[in-house]
Structure formats: structure tokens, C-alpha cells
Amino acid sequence: MPSPKSSKAKGRRLQNLVRDKLRAAFDSLLEEDDIKSQIMGMTGEDIVLSPAARKLIPYSIECKNVERLNVWKCIKQAEDNVQKDCNPALVIKRNQQSPYILIPLDEWISIIQKR
């Protein structure tokens, strides 16, 4: 069983990965400080967005980097952290696997309709 310290480090790595990918995706539109990784153990969203970033990224993002996942409990946590005018987004990852994101079905349909 992994120690709480290594579990937090694993979670922090996923948060930092998400933060860095978002910063790269919006590097010409946002400053580095517009997208931050939440301090481990703090309540609320795992990815902290400035008002400018929130306009471009309308999601409340929860990150879970674990081998076993109670997906419904994690979705509930993401939903509980939703900010005004945002959709919940759950980023999940486990060892040796690529990260995936779970968003509400209607949101996904809206995204693919815009393509």
C-alpha cells in the first residue's frame, strides 16, 4: 500500500501535468499565473483558474491519479466544486496509462457539434 506522502506526490504530478498542458494550449492568450495547481490537501478545484482563464476554460477540474477509482464518488466531488457558469471535469489517470477526462454527456455533444 502506498504511503500518503507518495499518493499526494502522485496526485500533484497529475495536477501539474494538467496545469502545464492548459498553459501550453493557451500560452498566447493567458499569463502563467492564470492557471495554477491547487496546493495538496486544500478544498475546491484542483486546477485554479483566474477570471481570464475561466472565460476560456469553463470547467471546474478535479484530478485523480489512482489505481482504483470510485468514479461516482469522484464525479460527486467534481460536481460539488463546480464554479458558476462551469461544467465539472474529472481527469483520471493510473500508472502506465494516459490520462482521460470525464465530462457531462451534453457538454461533450456541444463540443463535437462545434467541430
Side-chain angles (χ1 to χ4, degrees):
M1 170 147 300
S3 72
K5 193 173 186 177
S6 66
S7 294
K8 285 191 181 208
K10 190 174 171 180
R12 186 173 28 258
R13 281 193 304 273
L14 179 58
Q15 284 182 210
N16 290 342
L17 173 71
V18 172
R19 177 203 63 204
D20 293 346
K21 286 188 172 284
L22 288 171
R23 283 178 176 172
F26 294 96
D27 69 334
S28 65
L29 300 171
L30 297 171
E31 300 294 321
E32 187 173 298
D33 282 349
D34 285 322
I35 304 171
K36 297 179 181 178
S37 179
Q38 180 65 275
I39 297 168
M40 296 307 291
M42 298 295 290
T43 59
E45 300 170 297
D46 287 340
I47 303 298
V48 180
L49 303 174
S50 71
R54 179 87 52 209
K55 288 180 183 177
L56 298 170
I57 308 164
Y59 295 93
S60 289
I61 303 169
E62 180 70 27
C63 300
K64 295 292 181 188
N65 193 355
V66 295
E67 295 307 298
R68 291 179 176 227
L69 179 73
N70 179 336
V71 70
W72 299 111
K73 181 178 177 183
C74 294
I75 288 171
K76 171 85 166 86
Q77 183 179 0
E79 289 173 342
D80 288 347
N81 291 332
V82 168
Q83 300 295 311
K84 183 181 178 197
D85 299 324
C86 289
N87 283 294
L90 174 61
V91 180
I92 60 172
K93 183 179 181 333
R94 66 181 183 176
N95 290 341
Q96 314 305 317
Q97 299 291 314
S98 297
Y100 279 81
I101 189 160
L102 286 78
I103 59 173
L105 177 62
D106 290 341
E107 176 64 13
W108 181 69
I109 296 295
S110 175
I111 290 168
I112 63 172
Q113 283 178 325
K114 293 174 185 173
R115 296 187 89 199

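Owing to the predicted nature of the structure, the values given are computational and were not obtained by experimental measurement.
Residues satisfying the side chain to side chain donor-acceptor pair (under 3.5 Å) criterion with Lys76, sequence neighbours excluded, are Asp80. Under the side-chain contact (heavy atoms from CB on, under 4.5 Å) criterion, Asn70 pairs with Trp72, Lys73, not counting sequence neighbours. Residues that satisfy the side chain to side chain donor-acceptor pair (under 3.5 Å) test with Asn81, not counting sequence neighbours, are Glu62.
Here the CD-OG1 distance, from Gln77 to Thr43, works out to 10.0 Å after rounding to the nearest 0.5 Å. The distance from the CG atom of Leu30 to the CD1 atom of Ile57 is 6.0 Å, given to the nearest 0.5 Å. To the nearest 0.5 Å, atoms OG (Ser50) and CD1 (Ile35) are separated by 7.5 Å. Here the OG atom belonging to Ser37 is positioned 5.5 Å from the CZ atom belonging to Arg19, to the nearest 0.5 angstrom.
One hydrophobic cluster, built from ILVMFWY side chains closer than 4.5 Å, cannot hold both Ile61 and Val71; they sit in different ones. Under the 4.5 Å side-chain heavy-atom criterion for ILVMFWY residues, no single connected hydrophobic cluster contains both Ile75 and Val82. Linking ILVMFWY side-chain heavy atoms closer than 4.5 Å, directly or via other members, places Leu14 and Val48 in two distinct hydrophobic clusters.
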Name each donor-acceptor pair under 3.5 Å that joins a side chain in residues 90-101 to protein atoms two or more places apart or in another chain, with its distance.
{"from": "Lys93", "atom 1": "NZ", "to": "Gln97", "atom 2": "O", "distance (Å)": "2.8"}
{"from": "Asn95", "atom 1": "OD1", "to": "Lys10", "atom 2": "NZ", "distance (Å)": "3.2"}
{"from": "Asn95", "atom 1": "ND2", "to": "Glu67", "atom 2": "OE2", "distance (Å)": "3.3"}

Return all side-chain donor-acceptor pairs below 3.5 angstrom for residues 102-115, not counting sequence neighbours, or 'none' if the list is empty.
{"from": "Glu107", "atom 1": "OE1", "to": "Asn87", "atom 2": "ND2", "distance (Å)": "2.9"}
{"from": "Glu107", "atom 1": "OE2", "to": "Tyr59", "atom 2": "OH", "distance (Å)": "2.3"}

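No side-chain donor from either of Arg13 and Asn16 sits under 3.5 Å from a side-chain acceptor of the other.
At least one donor-acceptor pair closer than 3.5 Å links the side chain of Ser60 to the backbone N or O of Gln83. Side chain of Gln15 to main chain of Gln38: a donor-acceptor pair is present (N/O by atom type, distance under 3.5 Å, no hydrogens or angles).
The stretch residues 24-51 participates, sequence neighbours left out, in these salt bridge (Lys or Arg N to Asp or Glu O under 4.0 Å) pairs: Arg23-Glu32, Glu45-Arg54.
Considering every non-hydrogen atom in both Cys63 and Val18, the closest pair reads SG-CG2, 4.0 Å.
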